[in-house]
Every structure is written in C-alpha cells, then in structure tokens.
Colleague: 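Can you read through this structure? Questions will come right after.
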Amino acid sequence: MTVSRAEFRDAMARLGAAVNIVTSAGPGGRAGVTASAVCSVTDDPPTLLVCLNRTSSGNPVFKANGVICVNTLAAGQRPISEAFSGVGGLTGEARFTHGNWSTMATGAPVLEDAAVSFDCRIAEVLEKGTHSVFFAEILAIRQGLPGRALIWYGRGYHPVGHEVVA
Ligand SMILES: Cc1cc2nc3c(=O)[nH]c(=O)nc-3n(C[C@H](O)[C@H](O)[C@H](O)COP(=O)(O)O)c2cc1C
C-alpha cells in the first residue's frame, strides 16, 4: 500500500500547528520564511527542529548564517505570516517591512510582540526528501505577553486561546 503526496498533504491538514516566522541574518544576508513545521526535540540541550523546503528562499541563507530565530505568532499577526510566505510577492529583505524587528544573542531578527521567540544556532541539518530538517539549539528565549495564538489548521488561519485583559 502506498500513500500519495496529495493524500499525505490532505492528512497533514488535520494537524493544527502554531505559525512561526523563522528568520536569519549573517554573512548570507537576512531572510525569513513562514513555517508551521516546528517542534520541540529535547530540553537538554534545549533544541527544536524546523523543516524547510529545499527550494525555499530561506534555506541557503539559514545554512550560510548558521543561526535562526523562531518567532511564534500571536493571533493578530496573520499579515506578517502572509508576507513571509510570499503573499503579495515580497521577497528577501522587503518582507521585513512587515513587523518591528530587534536581535538577541545570534543577530537573527527577533519579532516584537511575537508570542515567543527562540534564538538559535543551527547544530545539525538533515536532508530528507524535499525538505531540510534544521536542528536548532536555543541560546535565548523571549516570551511575549500572554494572549491569543495563531494556528494553521485545515489550510486556514485560526485564533486560539483567551484575550488577557490587564
Ligand atoms: C501557514 C504556513 C505554514 C508554512 N509552513 C511551512 C513549513 O513548515 N516549511 C516550509 O518549507 N514551508 C512552509 N510554508 C511555505 C513557506 O512559507 C513559503 O511559502 C515557501 O517556503 C516559499 O518560500 P519563498 O517564497 O521564501 O521561497 C508555509 C506557509 C504557510 C502559509
């Protein structure tokens, strides 16, 4: 029994996931891509992984720089997700006109008002099929204010959680 690519994609649409902007900066330049294929690997050393298509503009830049920052979006940041996934035709540096950006330990762009940001050095890259799997060791974390998160589910955006009133 074999599973087609279409069947796999349809099935994966049933898995809700956080929406992240994965960024990088360094000798290879600045780049950022929207990615939902992000997950925890181990807390010792604190490590997450990101799966990125080999054809994505960010892929060679991440490898050249050796650092990434995973910025997990809050519910109101859908326009930033769209910009960094190529909606509107924005590429490269022009994507950073959406959102306000700073840096932490590695110099990779950190998104102001993200739900949480993980600043990482790339420890290992594994090539699998169409994608590269980046194992990223976390050097610094910045937690945003609590509030509603942005989830990608059923090929669409959904806010989850409760608004926190100060
Ligand atoms: C919500 C959402 C999640 C995405 N997740 C991933 C992902 O995990 N990995 C990936 O390679 N592309 C993902 N993409 C597609 C990329 O954002 C992007 O469109 C694609 O890599 C082409 O990038 P480029 O225009 O920078 O070359 C996602 C797009 C959206 C809208």
Side-chain angles (χ1 to χ4, degrees), residues 3-41 47-99 101 107-111 113-138 144 147-161:
V3 173
S4 70
R5 292 177 75 175
E7 194 183 354
F8 172 75
R9 284 164 171 267
D10 285 347
M12 291 305 294
R14 304 282 182 98
L15 271 71
V19 180
N20 311 275
I21 308 298
V22 186
T23 63
S24 187
R30 236 167 39 139
V33 178
T34 302
S36 56
V38 170
C39 86
S40 164
V41 177
T47 303
L48 52 74
L49 68 75
V50 178
C51 300
L52 191 63
N53 200 300
R54 293 200 214 197
T55 62
S56 173
S57 60
N59 195 312
V61 180
F62 294 3
K63 287 171 181 167
N65 293 338
V67 297
I68 54 174
C69 185
V70 176
N71 300 281
T72 306
L73 298 186
Q77 293 176 317
R78 174 179 176 162
I80 302 178
S81 173
E82 291 172 340
F84 280 83
S85 63
V87 173
L90 289 180
T91 58
E93 184 63 36
R95 290 180 180 173
F96 290 93
T97 56
H98 287 262
W101 301 91
V110 177
L111 177 63
D113 303 325
V116 60
S117 295
F118 302 92
D119 196 21
C120 309
R121 72 167 192 92
I122 297 169
E124 201 177 332
V125 184
L126 198 148
E127 305 295 338
K128 185 73 181 171
T130 53
H131 280 56
S132 303
V133 185
F134 292 83
F135 290 87
E137 194 177 323
I138 301 162
R148 296 207 297 168
L150 187 64
I151 296 295
W152 182 251
Y153 172 72
R155 299 190 169 97
Y157 292 99
H158 305 270
V160 297

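Indexing begins at 1, ligand by ligand and atom by atom, following the structure's order. Values below: every heavy atom of this structure, side chains too, minus hydrogens, waters and symmetry copies. Keep in mind it's a predicted model, so treat the numbers as computed, not measured.
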Colleague: Any nitrogen or oxygen of Ala37, side chain or backbone, less than 3.5 Å from one on ligand 1?
Modeller: yes
Colleague: Closer than 3.5 angstrom, by distance alone: can the side chain of Asn71 be matched with the main-chain N or O of Pro109 as a donor-acceptor pair?
Modeller: yes
Colleague: To the nearest 0.5 Å, tell me how far Phe96 CZ sits from Leu90 CG.
Modeller: 11.5 Å
Colleague: With Phe134, which of Asn59, Leu48, Val70 fulfils side-chain contact (heavy atoms from CB on, under 4.5 Å)?
Modeller: Asn59
Colleague: Would you check if Phe84 and Val22 make a side-chain contact, meaning some heavy-atom pair closer than 4.5 Å?
Modeller: no
Colleague: Any nitrogen or oxygen of Ser81 lying under 3.5 Å from a nitrogen or oxygen in ligand 1? Just yes or no.
Modeller: no
Colleague: Strictly distance-based, threshold 3.5 Å: is any side-chain N or O of Ser117 a donor or acceptor partner for the main-chain N or O of Val110?
Modeller: no
Colleague: Within the 4.0 Å heavy-atom shell around Asn53, which atoms of ligand 1 are there?
Modeller: 10 (C), 11 (O)
Colleague: Below a 4.0 angstrom heavy-atom separation, can you tell me which part of Ala31, side chain or backbone, both or neither, approaches ligand 1?
Modeller: neither
Colleague: Could you list the atoms of ligand 1 found under 4.0 angstrom from a heavy atom of Ser56?
Modeller: 21 (O), 23 (O), 26 (O), 27 (O)
Colleague: What is the closest protein heavy atom to atom 26 (O) of ligand 1, and at what distance does it sit?
Modeller: Ser57 OG, 2.4 Å
Colleague: Cys51 heavy atoms, cut-off 4.0 Å: which ligand 1 atoms fall inside?
Modeller: 7 (C), 8 (O), 9 (N), 10 (C), 11 (O)
Colleague: Please list, in number order, the atoms of ligand 1 under 4.0 Å from a heavy atom of Tyr157.
Modeller: 31 (C)
Colleague: Which is it for His131 and ligand 1 at heavy atoms under 4.0 Å: side chain, backbone, both or neither?
Modeller: side chain
Colleague: Using a 4.0 Å cut-off to any heavy atom of Ala35, which atoms of ligand 1 qualify?
Modeller: 4 (C), 5 (N), 6 (C), 7 (C), 8 (O)
Colleague: Return the residue, atom name and 0.1 Å-rounded distance of the protein heavy atom closest to atom 19 (O) of ligand 1.
Modeller: Ser85 O, 2.9 Å
Colleague: For Ser132 and Glu127, which I'm curious about, is there any donor-acceptor pair between the side chains at under 3.5 Å?
Modeller: yes
Colleague: To check your reading of the model: name the closest protein heavy atom to atom 12 (N) of ligand 1, its residue, and the distance in Å.
Modeller: Thr34 O, 4.0 Å
Colleague: Under 4.0 Å from a heavy atom of Arg95: give me the atoms of ligand 1 that qualify, with their elements.
Modeller: 24 (P), 25 (O), 26 (O)
Colleague: Within the structure, does Leu52 bring an N/O atom to less than 3.5 angstrom of an N/O atom in ligand 1?
Modeller: no
Colleague: With a 3.5 Å distance limit and no angle check, can you tell me whether Asn65 reaches the backbone of Gly29 through a side-chain donor-acceptor pair?
Modeller: yes
Colleague: Donor-acceptor check, side chain of Asn53 to backbone of Thr55, threshold 3.5 angstrom: yes or no?
Modeller: yes
Colleague: Measuring from atom CG of Asn20 to atom CG of Leu73, what distance do you get when rounded to the nearest 0.5 angstrom?
Modeller: 6.5 Å
Colleague: Tell me: protein heavy atom nearest atom 1 (C) of ligand 1, and distance?
Modeller: Trp152 CD2, 3.2 Å
Colleague: What is the distance from atom OG of Ser81 to atom CH2 of Trp152, rounded to the nearest 0.5 Å?
Modeller: 7.0 Å
Colleague: What protein heavy atom sits nearest atom 5 (N) of ligand 1, and how far off is it?
Modeller: Ser36 N, 2.9 Å
